[in-house]
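These notes concern the structure reproduced below.
Every heavy atom of this structure was used, including side-chain atoms; hydrogens, water molecules and symmetry mates were not.
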Amino acid sequence: MPRLIICDDDPMMLELLEEFCKELGMVDVVGVAGNGIEVLKLAKKKRPDILLLDIDLPDINGIEVARILTGNDDFLKIIFISCHDDYYAEAFRLYAYDYISKASITERLPKTFKKIIDDYFRVNYLQNECRISISAKGKDFLLDVDELIYLQSLERKLKIVSEIHSLIIYGTLQEWANCLPINFFQCHRSYIINLQKIAVFNRKEHNMLVMSNGDKIPVSRRRSSRLKGEINNIVLNA
């Protein structure tokens with residue numbers, strides 16, 4: 001679930017926004033702030049996926065807050081909220097994922113949350129074709145399962161590495177483990193690998209795998225023996 005921070009200098013509006021977002025159940029509200037300095041500190045600590053940001057703040061303008069935060073986080077989605085449209089053009093030209101009038105928040109915000117989630121995590125498993133359709137960063141990618149090298153858990157996101165692409169989406173390893181074919185193996189709590197893409201398995205070097213693209217992947221001690229058996233099965237069945 002995407003992590004959200006809300007920033008508004010009106011305490012009543014801030015409370016209403018927090019309650020509304022929690023009731024929607026589409027995001028995880030990890031913090032609220034009442035001014036620009038506070039939200040900058042909170043964002044650094046909590047690392048949100050989405051920032052619901054009032055533009056008219058008492059200390060630092062919301063546009064400037066967005067400028068600072070997006071310079072450090074390419075994945076942060078900023079939804080500006082305001083009572084007027086004075087900054088509409090500048091917000092969209094620079095940083096905004098959406099710009100919502102406070103009068104229409106209850107109608108617009110759920111749709112915007114849904115679009116963000118869909119943009120980052122929409123996976124269709126085309127089982128008969130052995131391909132996976134993924135939407136990430138507003139683009140659609142069609143990946144051959146056989147070309148996947150590994151998947152890495154990055155807290156609330158997943159990094160998917162194939163022979164052609166490296167994508168980051170929302171999701172969990174468990175969701176993928178239930179859908180991938182038998183030649184995929186979870187060698188570590190943070191990694192699922194394609195057994196057929198292993199180049200080197202060095203048990204002496206802290207149980208480290210080298211994949212076909214040169215990336216090194218750790219193997220947990222309790223999964224090491226089973227992994228060796230899986231690799232032997234591949235060799236015998238080749």
Side-chain angles (χ1 to χ4, degrees), residues 1-3 26-28 30 46-50 73-77 116-238:
M1 187 179 292
R3 295 157 59 87
M26 303 174 73
V27 294
D28 179 16
V30 297
K46 297 292 187 178
R47 298 175 60 196
D49 302 298
I50 307 171
D73 188 347
D74 293 336
F75 294 99
L76 179 63
K77 300 302 179 189
I116 290 175
I117 293 169
D118 286 348
D119 281 349
Y120 269 88
F121 182 34
R122 189 173 77 245
V123 178
N124 299 311
Y125 299 93
L126 310 177
Q127 300 285 4
N128 294 334
E129 301 180 40
C130 295
R131 292 187 292 176
I132 298 173
S133 174
I134 298 175
S135 287
K137 298 183 181 180
K139 298 180 180 180
D140 292 326
F141 299 86
L142 192 60
L143 307 181
D144 288 334
V145 174
D146 291 340
E147 292 181 352
L148 295 181
I149 300 174
Y150 67 88
L151 292 78
Q152 179 184 3
S153 175
L154 301 173
E155 295 183 0
R156 70 270 190 194
K157 300 187 183 77
L158 275 181
K159 180 180 181 180
I160 301 172
V161 178
S162 75
E163 294 176 355
I164 302 173
H165 301 289
S166 179
L167 306 173
I168 295 180
I169 65 171
Y170 286 119
T172 66
L173 285 181
Q174 188 58 47
E175 290 168 343
W176 283 73
N178 295 333
C179 300
L180 290 168
I182 59 173
N183 57 298
F184 284 83
F185 179 80
Q186 185 165 357
C187 63
H188 186 276
R189 66 181 179 181
S190 298
Y191 291 90
I192 291 177
I193 59 166
N194 185 342
L195 294 166
Q196 296 177 337
K197 299 297 181 182
I198 297 174
V200 178
F201 178 26
N202 191 342
R203 298 188 68 180
K204 293 182 179 180
E205 189 182 333
H206 305 292
N207 286 350
M208 189 69 65
L209 290 171
V210 180
M211 305 306 291
S212 59
N213 65 342
D215 289 354
K216 292 185 176 181
I217 307 294
V219 179
S220 67
R221 290 185 178 181
R222 68 185 184 89
R223 292 185 170 103
S224 180
S225 296
R226 184 182 166 195
L227 175 60
K228 184 178 180 181
E230 295 289 345
I231 292 174
N232 289 338
N233 287 337
I234 290 178
V235 173
L236 291 173
N237 294 326

**OP:** Taking the side chain as every heavy atom from C-beta outward, state whether Ile164 and Glu147 have any atom pair closer than 4.5 Å.
**Re:** yes

About how many Å separate [atom2] of [Y] and [atom1] of [X], when rounded to the nearest 0.5 Å?
| X | Y | atom1 | atom2 | answer |
| --- | --- | --- | --- | --- |
| Asp215 | Ser166 | CG | OG | 8.5 Å |
| Leu167 | Lys159 | CG | NZ | 10.5 Å |
| Glu230 | Ile182 | CD | CD1 | 8.0 Å |

Subject >> Geometric class of the His165/Phe141 ring pair [parallel <30°, tilted 30-60°, perpendicular >60°] >> reply: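 The arrangement is perpendicular - the two ring planes meet at more than 60°.
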
Would you name the heavy atoms of [X] and [Y] that are closest together and state the gap between them?
| X | Y | answer |
| --- | --- | --- |
| Lys46 | Val30 | CE-O, 3.6 Å |
| Arg223 | Gln186 | CD-O, 2.8 Å |
| Val219 | Ser224 | CG1-CA, 3.9 Å |
| His188 | Pro218 | CB-O, 3.5 Å |
| Ser190 | Leu173 | C-CD1, 3.4 Å |
| Lys197 | Leu148 | CG-O, 3.6 Å |

Original post:
Under the criterion side-chain contact (heavy atoms from CB on, under 4.5 Å), which of Ile192, Ile168, Ile149, Ile169 is the partner of Ile160?
Top reply: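 It is Ile169, the one option of Ile192, Ile168, Ile149, Ile169 that forms the side-chain contact (heavy atoms from CB on, under 4.5 Å) with Ile160.
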
**OP:** List the steps, then state whether side chain to side chain contact (heavy atoms under 4.5 Å, CB included) holds for Leu227 with Leu209.
**Re:** CA-CA 10 Å; Leu227 175 60; Leu209 290 171; 4.0 Å; yes

**OP:** In sequence, state the C-alpha distance, the side-chain angles, and the governing distance for Arg189 and Ser153, and then conclude on side chain to side chain contact (heavy atoms under 4.5 Å, CB included).
**Re:** CA-CA 8 Å; Arg189 66 181 179 181; Ser153 175; over 6 Å; no

**OP:** Evaluate side chain to side chain contact (heavy atoms under 4.5 Å, CB included) for Met211 paired with Ile193, printing each intermediate quantity in order.
**Re:** CA-CA 9 Å; Met211 305 306 291; Ile193 59 166; 4.0 Å; yes

Original post:
For the side chain of Asp144 and the backbone of Asp146, is there at least one donor-acceptor N/O pair under 3.5 Å apart?
Top reply: no

Original post:
Taking the side chain from Asn183 and the backbone from Asn194, do they hold a donor-acceptor pair closer than 3.5 Å?
Top reply: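 No, the answer is negative, given that no donor and acceptor are paired below the 3.5 Å cut-off.
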
Original post:
Can you check side chain to side chain contact (heavy atoms under 4.5 Å, CB included) on Ile116 and Val27, steps first, answer last?
Top reply: CA-CA 10 Å; Ile116 290 175; Val27 294; over 6 Å; no

